[in-house]
> 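Take this structure, written in structure tokens, and hold onto it; I'll ask about it next.
First listed ligand is number 1; within each ligand, the first listed atom is number 1.
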Amino acid sequence: MAIFIYSEEEIKRVEDACRITAAVLDEIGKHVVEGISTFELDRIARDLIKKFKAIPAFLGYKGYPAAICTSVNEVVVHGIPSKGQILKKGDIVGIDIGVRYNGYFGDAAKTFIVGKVSNNVKKLLEVTREALERGILQCKDGNHLSDISHAVESHVVQYGFQPVHEFVGHGVGRNLHEEPSIPNFGKPGKGPVIKTGMIFAIEPMINEGTYQVEILQDGWTAVTKDRKLSAHFEHTVAVVDGNPKILTHN
Ligand code: MF3
Ligand code: CO
């Protein structure tokens with residue numbers, strides 16, 4: 001298997017899916033408030049995706065039971081929405097959503113704050129967002145894939161944070177997950193050369209403490225080994241005319 005090169009026409013279609021992805025994510029973000037359950041957030045997501053005549057890409061993927069992942073506090077990724085999980089002040093919630101539209105996929109995530117959090121927590125979110133931006137800037141013709149990885153890691157370690165090793169970004173477009181895998185750590189200048197027409201889901205998952213994670217009994221929920229916080233931001237990005245173009249913007 002190789003990395004797909006998408007035509008401009010196909011990138012437009014992926015962009016359509018990504019526009020819906022971003023719109024739904026933003027709308028869910030408005031509902032991330034004290035007292036709401038993560039189950040309710042999933043219900044809102046399902047309704048919105050349906051309204052856009054799109055399909056939730058995560059639902060049923062390898063048996064995943066919801067349309068979004070809701071990863072609260074020490075949950076790194078793949079938190080499953082549930083009725084019993086009520087958001088409270090001071091929580092941080094990673095919302096990850098994938099959408100299929102006209103046969104093409106968009107994938108995006110953001111970590112939201114419930115009420116107020118400490119400056120340390122704000123810093124974790126800010127640095128993770130910046131790491132995503134830095135990774136995106138590396139999506140240029142002639143760079144190597146691991147330049148993305150290195151940009152993410154080198155940014156976050158300056159603040160004492162650690163990138164998760166076990167989960168990675170990925171190609172996306174005709175499928176939710178395609179080649180290549182895009183780790184959030186590594187030396188620069190390695191791996192395949194980045195070319196116009198490639199589409200990547202770049203998704204730094206950054207821990208306050210150790211990079212190590214554990215998977216809970218449900219087989220999905222990934223938590224930090226030390227139960228410290230984790231943040232996650234993700235965009236779908238195409239290389240267009242040699243340069244990065246974020247597709248999951250509205
Ligand atoms: N954005 C994550 C990923 O690309 C979410 C996948 S959740 C799953 O891996 F349910 F679809 F597995
Ligand atoms: Co993804």
> If you have a sec, work out which protein heavy atom is nearest atom 3 (C) of ligand 1 and how many Å separate them, to one decimal?
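The closest heavy atom on the protein side is H177 NE2, 3.2 Å.
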> Taking the non-hydrogen atoms of K62, is any one of them nearer than 4.0 angstrom to ligand 1?
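False for this residue.
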> Would you kindly specify which portion of C69 sits under 4.0 Å from ligand 1, judged on non-hydrogen atoms: side chain, backbone, both or neither?
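Only the side chain of C69 comes within reach of ligand 1.
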> Non-hydrogen atoms of F167 versus ligand 1: any pair closer than 4.0 Å?
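F167: no contact with ligand 1 (<4.0 Å).
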> For N/O/S atoms only: which one belongs to E234 and is nearest the Co ion (ligand 2)?
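It is OE2 of E234.
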> If Ile, Leu, Val, Met, Phe, Trp and Tyr residues are connected whenever their side-chain heavy atoms lie under 4.5 Å apart, and connections chain through other members, are I194 and I136 in the same group?
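Same cluster.
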> Test of understanding: given a 4.0 Å heavy-atom threshold, classify the contact between V77 and ligand 1 as side chain, backbone, both, or neither.
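It is neither; nothing of V77 touches ligand 1.
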> Using 2.8 Å as a strict upper limit, say whether an N, O or S atom of H170 approaches the Co ion (ligand 2) that closely.
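So H170 counts as coordinating the Co ion (ligand 2), yes.
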> Tell me, which protein residue and heavy-atom name are nearest atom 2 (C) of ligand 1, and how many Å apart are they?
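Of the protein heavy atoms, D96 OD2, 3.1 Å lies nearest.
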> Assess the pair Y61 and H177: is the distance between their ring centroids shorter than 6.0 Å?
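Yes.
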> Are any of the N/O atoms in W220 less than 3.5 Å from those in ligand 1?
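No, since none of the N or O atoms of W220 sits under 3.5 Å from an N or O of ligand 1.
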> Could you tell me whether Y61 approaches ligand 1 through its side chain, its backbone, both or neither, with non-hydrogen atoms closer than 4.0 Å?
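Looking at Y61 and ligand 1, just side chain atoms fall under 4.0 Å.
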> Under 2.8 Å from the Co ion (ligand 2), is there an N/O/S atom belonging to E203?
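Yes.
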> For E203, is at least one N or O under 3.5 Å away from an N or O on ligand 1?
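Yes, since at least one N or O of E203 sits under 3.5 Å from an N or O of ligand 1.
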> State the atom name: nearest N, O or S atom of D107 to the Co ion (ligand 2).
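Nearest to the Co ion (ligand 2) within D107's N, O and S set: OD2.
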